[in-house]
Every structure is written in C-alpha cells, then in structure tokens.
Amino acid sequence: MVCVLTRVSEAFVVINGEERRGIGAGLLALLGVSEGDTEKEALYLASKAAALRIFPDEGGKMNLSVLDTGGEMLIISNFTLLADCKKGRRPDFTCAAAPKKASVLYEAFIEECKRVGITRVISGEFGADMKVSSVNDGPVTVILDTDHMLGGQR
C-alpha cells in the first residue's frame, strides 16, 4: 500500500464534474492499494499518516502531527501510485489490487483515520472521475510505502 501525503493549507476534490468536497489546513492523502495488501496495512498506514510529525511547532521545526494541530484530511483513492514503469513507456498496473478489494481497504484506511482522532476526514469517491486541487504548504510531501515499512514485497 502506498500513500502520498501532502501538507496543505487547503485541498478539494470535484467528483464526476459535480460534487465538491474539501478541507482546510491538514493533509491530502493519495492512497494506492496493491494486490497483496490486507487490513493490517490499511490500519498501520492510516495510524502512521495521522501521527507523522510534518507540521511546524512554534519554533518552526517539523514536530507536530495532523492530530496535534487539529488539521483535516482529504483521502483520495489512486491506483496509479502502483504503476510499474520499468519496461517500455506504458505503465503496468497489474500489481494494483482489484477494485472490490481496493475499495474495502480504502474504506478501512478512512475509518481508521477517523478512529485515531483526525478532526475532520473527507474522502473522494472510489472509482469516480475526480479532479483534485490543493495548495501545498511548504511544500511538504512524504511517500509512505508499507512494502518498505513492513518488509513486504510488491
């Protein structure tokens, strides 16, 4: 499972050209679920993202988490994070989880972010056409990959 976290001053998603959902200061999370992922990875990654100290303290040092700051989180499913670009020019997405499985783990990630105490959690719509916009703060962007963090292999 891969999660690209960006510290934002605001972010929003437009779903199917109609519905707009957004957050103020906090984190934009793009989440990619791989074929071998389980609920264990989803829960671990959500807890890690919520506790990651990438917000500045009063001294300007990155020492606070989104939980510490009372920030919000926008979570967007993004299977293209699992692209294998080793061969040729067309990305291969065969290691991305099938939609049914990915959807369940995406929802588990969202629920865990809520459970650990993120003030406001907003999500996109799994499988929908989404236009995501954000104002990056810093910019600060971090990639979390359970294969590297938990010793799995993709």
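Residues satisfying the side-chain hydrogen bond (donor to acceptor under 3.5 Å, both in side chains) test with Thr119, not counting sequence neighbours, are none. Take Ser65 and apply the side-chain contact (heavy atoms from CB on, under 4.5 Å) test, not counting sequence neighbours, and it matches Leu67, Asp68. For Ser133, the side-chain contact (heavy atoms from CB on, under 4.5 Å) test picks out Phe12, with sequence neighbours left out. Take Tyr106 and apply the ring pair (Phe, Tyr, Trp, His ring centres under 6.0 Å) test, not counting sequence neighbours, and it matches Phe126. Applying the salt bridge (Lys or Arg N to Asp or Glu O under 4.0 Å) rule to Glu111 yields the partners Lys114; only residues at least two apart in sequence or on another chain are considered. Every residue meeting the salt bridge (Lys or Arg N to Asp or Glu O under 4.0 Å) condition with Glu19, not counting sequence neighbours, appears here in chain and number order: Arg21. With sequence neighbours excluded, no residue forms a side-chain contact (heavy atoms from CB on, under 4.5 Å) with Val104. Scored by the side-chain contact (heavy atoms from CB on, under 4.5 Å) test, Ser47 finds Glu112, Val116 as partners (sequence neighbours excluded). When the salt bridge (Lys or Arg N to Asp or Glu O under 4.0 Å) test is applied to Lys101, no partner is found at least two apart in sequence or on another chain.
Residues Ile75 and Cys113 have side chains in contact (heavy-atom distance under 4.5 Å, counting atoms from C-beta outward). No side-chain heavy atom of Val66 sits under 4.5 Å from any side-chain heavy atom of Leu52. Contact annotation: the side chain of Glu72 never approaches that of Ile118 to less than 4.5 Å [non-hydrogen atoms, C-beta and beyond]. Side-chain contact between Val142 and Ile54 is present, with heavy atoms from C-beta onward closer than 4.5 Å. Between Asn16 and Glu125, some side-chain heavy-atom pair lies under the 4.5 Å cut-off. A 4.5 Å side-chain heavy-atom check between Val121 and Ile110 finds at least one atom pair inside the cut-off. At a threshold of 4.5 Å between non-hydrogen side-chain atoms, the residues Leu28 and Leu74 count as touching.
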* Any chance you could lay out the side chain to side chain contact (heavy atoms under 4.5 Å, CB included) test for Glu35 and Cys95, step after step, and finish with the verdict? => CA-CA 6 Å; Glu35 187 55 46; Cys95 66; 5.5 Å; no

* Going through the checks in order, is the side chain to side chain contact (heavy atoms under 4.5 Å, CB included) test met by Ser77 and Met130? -> CA-CA 10 Å; Ser77 62; Met130 295 181 283; 4.0 Å; yes

* **Steps toward side chain to side chain contact (heavy atoms under 4.5 Å, CB included) verdict (Glu41, Leu105)** => CA-CA 9 Å; Glu41 284 84 7; Leu105 295 180; over 6 Å; no

Give every donor-acceptor pair under 3.5 Å between a side-chain atom in residues 80-90 and any protein atom, sequence neighbours left out.
| from | atom 1 | to | atom 2 | distance (Å) |
| --- | --- | --- | --- | --- |
| Thr80 | OG1 | Asn78 | OD1 | 2.4 |
| Asp84 | OD1 | Lys86 | N | 3.0 |

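The 12-atom threshold is exceeded at CZ of Arg120, counting heavy atoms of other residues, nucleotides or ligands nearer than 6.0 Å.
Grouping Ile, Leu, Val, Met, Phe, Trp and Tyr residues whose side-chain heavy atoms lie under 4.5 Å apart, directly or via other members, places Phe79 in a hydrophobic cluster with Phe93.
With hydrogens and angles ignored, the 3.5 Å screen pairs a side-chain donor or acceptor of Thr38 with a backbone N or O of Lys40.
Among pairs with a residue in residues 126-142, those fulfilling salt bridge (charged side-chain N to carboxylate O under 4.0 Å, His left out) read Arg7-Asp137, Asp129-Lys131, at least two apart in sequence or across chains.
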